[in-house]
Amino acid sequence: MTADATRMTAPDSARHGVLEDLPARLDAMADGLHAALAAKPAVEYEQDASPVFALLKQARATTMLIPSACGGQGAKAVDAVRFQAALGVLAPSAAIATTMHHYKIAALGQVAAAGDERAGAILTELAGDAQIIASGGAESMPGRDLRSLGSQAVRGAGGYRVTGLKRPCSLSTSMDMMSLMVELRAPDGTPEGYAQAFVDARAEGVAREPFWHSPVFRAAESHAVQLTDVRVPRERVFPLIGEVGRRFATDCYTWFQLLISASYLGVAGCLAEATPGERRAGSRAWTDARAGIRRLEAELLDAARAVDEGAPAAKQLNLAMRARDRIEDDLAGLGNLLLRAAGGGMFARTCFFTMLAGALNAIAFHPPQRGAREGIGLELLTPDVKGRD
């Protein structure tokens, strides 16, 4: 990437803001956060996002969705969507990666609200030092229940021993803790259901291995994490049974769709903001792309409001999934418009524009993928959403 590209990727929201009120979205969670993040251009953060993760921790923005009763900010879904989109404009890889942190916290907050003291204790611990948590969630294998990951926690004296592999695992380098869905086993191997295990990232038996080699989202730290006979205290493993377990899974799906979609809208916004001002002026392609991004965000915010208003879980999930599908359908086309607006000169001088445009297609690879939503724990989806190809 050239020095020219580095200079041009600095946001220009004051004149041609793609997302409305971008600085306010970030500063609402931490005063001065926008200025701190905007001090470097996005192209630098796409090489190394660790400074972004450090800033988010320092500003306690990592506590955004931790309930206030547990020491967090207790933000609404609408504010979280707006925050992630804004972060994506400034640091695309960081937005994608921190989605994995926020969505799991949001779902865990519902478990705590239902009275699970262990969930509340974990959230309080995370809030105390504004820790970053990586999510050992699904690897999006078609037709496979996303709750069944092949990771096991064997019950023993005083706790569990966890063995498993998550590949890829975003935030693998910067995480303080790893949340992992596991299959519980008795000492003799008898299955005992599912559970959520919270593993200290520095624990003996936690190893990281290189995995992600694509230049797209290279700064998301999406490498492999291998857990081998890792000791986890009993209070950090809690079974997901009955209605609590079902609601946890549903909330994970809902919040993930909201936040990953917002982050990808931010990536599109980053591409738009990178376009030089002289190329934007009078560009129908750029103007149409900006209008498309705002239209998609408005639909996503409608889905977020359903969460904030306490709509039935099925309605929340279906609205979030429909918004994600619409974004998935339209983003690549918007990226093409923005490439056209940037012009051939930019295409020739830097790979940053084409990398971002290509990154917009990656939303299709996040679970639950289309055509593979049957039998994977998404019972609340309506047929039209579940059956889309």
Side-chain angles (χ1 to χ4, degrees), residues 5 8-13 15-22 25 41-43 46 81-96 99 214-217 220 257-304 319-347 350-366 369-370 388-389:
M8 285 183 292
T9 55
D12 189 21
S13 57
R15 287 189 296 160
H16 300 289
V18 176
L19 299 178
E20 295 180 352
D21 305 320
L22 188 145
R25 296 173 181 222
V43 67
E46 288 311 285
V81 164
R82 287 167 55 82
F83 181 92
Q84 284 302 109
L87 181 60
V89 173
L90 300 183
S93 286
I96 299 299
T99 290
S214 171
V216 176
F217 299 137
Q257 306 316 313
L258 292 176
L259 298 179
I260 200 66
S261 299
S263 297
Y264 274 96
L265 287 176
V267 176
C270 182
L271 178 56
E273 295 286 9
T275 306
E278 65 272 16
R279 294 291 309 180
R280 303 182 198 182
S283 170
R284 178 67 178 272
W286 193 92
T287 301
D288 286 350
R290 178 177 62 174
I293 293 170
R294 290 187 172 187
R295 170 180 51 81
L296 292 171
E297 187 184 44
E299 183 174 345
L300 186 63
L301 287 170
D302 284 341
L319 286 174
M321 196 69 70
R322 287 191 183 97
R324 178 253 173 94
D325 284 349
R326 184 70 59 83
I327 290 169
E328 183 179 320
D329 286 340
D330 292 359
L331 270 191
L334 295 178
N336 289 337
L337 286 175
L338 290 168
L339 280 180
R340 190 185 313 162
M346 298 310 306
F347 185 91
T350 172
C351 66
F352 188 65
F353 290 82
T354 51
M355 183 184 72
L356 287 181
L360 297 177
N361 293 277
I363 189 174
F365 305 135
H366 293 282
Q369 292 180 338
R370 282 169 158 169
R388 288 178 178 173
D389 294 323

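Using a cut-off of 4.0 Å between Lys/Arg side-chain N and Asp/Glu carboxylate O, E273 and R280 are scored as salt-bridged. Between R295 and E299 there is no salt bridge, since no side-chain N of the basic residue sits under 4.0 Å from a carboxylate O of the acidic one. Using a 4.0 Å cut-off between charged nitrogen and carboxylate oxygen, R370 and D329 count as a salt-bridge pair.
Heavy atoms only, all atoms of each residue included: A359 and V267 are closest at CB-CG1, 4.4 Å. In this structure, L265 and L331 approach most closely via the heavy-atom pair CD2-CD2, 4.2 Å. Looking at every heavy atom in both residues, S283 comes nearest to A341 through OG-CB, 3.6 Å. Contact between I327 and L300 at its shortest, heavy atoms only, is CD1-CD2, 4.2 Å. Nearest heavy atoms, P92 versus C270: CG-SG, 3.8 Å. For the pair I363 and L360, the tightest heavy-atom approach, listed with the atom from each and the gap, is CG2-O, 3.5 Å.
Going from atom CG of D330 over to atom CG of D325 covers 11.0 Å, rounded to the nearest 0.5 Å. Put simply, CZ on F353 and CG on L338 are 9.5 Å apart, with the number rounded to the nearest 0.5 Å. Atom CD of E328 is separated from atom CG of L296 by 12.0 Å, given to the nearest 0.5 angstrom. With values rounded to the nearest 0.5 angstrom, S261 atom OG is found 14.0 Å from R322 atom CZ.
By the 4.5 Å heavy-atom criterion applied to side chains, W286 and V18 are counted as neighbours.
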- Item | side chain to side chain contact (heavy atoms under 4.5 Å, CB included) evaluation trace for L319 with D302 | CA-CA 8 Å; L319 286 174; D302 284 341; over 6 Å; no

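Under the rule for a side chain to side chain donor-acceptor pair (under 3.5 Å), R82 has no partner lying at least two apart in sequence or in another chain. For R340, the salt bridge (charged side-chain N to carboxylate O under 4.0 Å, His left out) test picks out no residue, with sequence neighbours left out. For F217, the ring pair (Phe, Tyr, Trp, His ring centres under 6.0 Å) criterion is met by Y264, not counting sequence neighbours. Residues passing the side chain to side chain contact (heavy atoms under 4.5 Å, CB included) test with T287, sequence neighbours excluded: none. Partners of R25 according to the salt bridge (charged side-chain N to carboxylate O under 4.0 Å, His left out) rule, which considers only residues two or more places apart in sequence or in another chain, are E297.
Here side-chain hydrogen bond (donor to acceptor under 3.5 Å, both in side chains) pairs that include residues 86-96, with residues two or more places apart or in two chains, are E46-S93.
Checked by atom type and distance alone, the side chain of Q84 never pairs as donor or acceptor with a backbone atom of S263 at under 3.5 Å.
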